[in-house]
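First comes the structure, then the notes that go with it.
When a residue number appears, it is its place in the shown sequence, counting from 1. Note: hydrogens, waters and symmetry copies are ignored here, and every other heavy atom, side chains too, is used.
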Amino acid sequence: MSEPVFDPYLVPGTDLLRNLAGARTQRELAEIKHSLATARALELMDDLPVPDGTVAQLRSIHGFLFQDVYNWAGEIRSYSKSATPFPPRVITPT
């Protein structure tokens, strides 16, 4: 029997992403995330950044949109547990 794998982005013993909102189910997290990220997206629309095509800009936008949901918003994940047989892609920040 294999050892359980620790995923630092999940609530231990679940497949639920750790979150600042206190959601305890996938459905609850999805609803909260939708509401909070939509509010942030409306703010972002008032002052859209000029696209520069960099990973840094994508990280910045992700951080802004999801800052109320995840304490790691805008960061590149250091761990990826994928259900696909393909290895995770490595993204080098610019």
Side-chain angles (χ1 to χ4, degrees):
M1 185 171 220
S2 64
E3 291 290 318
V5 177
F6 174 74
D7 183 334
Y9 299 100
L10 298 180
V11 173
T14 73
D15 62 350
L16 182 69
L17 288 170
R18 287 185 298 109
N19 63 86
L20 299 171
R24 295 180 181 205
T25 66
Q26 295 289 358
R27 182 184 180 116
E28 185 180 14
L29 179 57
E31 290 172 358
I32 291 169
K33 181 171 59 173
H34 180 294
S35 177
L36 294 173
T38 298
R40 290 292 183 183
L42 291 172
E43 286 182 52
L44 187 63
M45 299 276 292
D46 289 336
D47 189 22
L48 284 174
V50 175
D52 65 16
T54 65
V55 172
Q57 186 177 49
L58 290 174
R59 289 177 61 195
S60 176
I61 293 169
H62 185 274
F64 183 79
L65 291 174
F66 297 104
Q67 64 184 304
D68 305 307
V69 183
Y70 305 116
N71 65 349
W72 41 265
E75 300 297 321
I76 294 176
R77 292 189 191 187
S78 59
Y79 177 84
S80 176
K81 180 180 167 187
S82 176
T84 67
F86 304 105
R89 294 184 64 183
V90 175
I91 299 174
T92 304
T94 58

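- Listed by first and then second residue, the salt bridge (Lys or Arg N to Asp or Glu O under 4.0 Å) pairs involving residues 46-55 amount to none (not counting sequence neighbours).
- Considering every non-hydrogen atom in both Arg40 and Phe64, the closest pair reads O-CE2, 3.2 Å.
- When all heavy atoms of Leu44 and Pro49 are compared, the pair lying nearest together is CD1-CD, 4.0 Å.
- Hydrophobic clustering (side-chain heavy atoms under 4.5 Å, transitive across Ile, Leu, Val, Met, Phe, Trp, Tyr) groups Ile61 together with Leu48.
- Applying the salt bridge (Lys or Arg N to Asp or Glu O under 4.0 Å) definition to pairs two or more places apart or across chains, those involving residues 28-38 are Arg27-Glu31.
- Remark: Leu36 engages Ile32, Asp68, Val69 in a side chain to side chain contact (heavy atoms under 4.5 Å, CB included) (not counting sequence neighbours).
- Partners of Glu75 under the side-chain hydrogen bond (donor to acceptor under 3.5 Å, both in side chains) rule, at least two apart in sequence or in another chain, are Arg59.
- Scanning both residues, Tyr9 and Arg77, for their nearest heavy atoms gives OH-CA, 3.1 Å.
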Sequence neighbours excluded and cut-off under 3.5 Å, please list the side-chain donor-acceptor pairs for residues 10-24, or say none.
unit_1	atom_1	unit_2	atom_2	d
Thr14	OG1	Val11	O	2.7
Thr14	OG1	Leu16	N	3.1
Asp15	OD1	Gln26	NE2	3.3
Arg18	NE	Pro8	O	2.5
Arg18	NH2	Pro8	O	2.9
Asn19	OD1	Ala21	N	3.2
Asn19	OD1	Gly22	N	2.8
Asn19	OD1	Ala23	N	2.8
Asn19	ND2	Leu17	O	3.0
Asn19	ND2	Ala23	O	3.3

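- Take Tyr70 and apply the ring pair (Phe, Tyr, Trp, His ring centres under 6.0 Å) test, not counting sequence neighbours, and it matches Trp72.
- Within the structure, ring-ring contact (aromatic ring centres under 6.0 Å, His included) contacts touching residues 30-62 (residues at least two apart or in different chains) are His62-Phe66.
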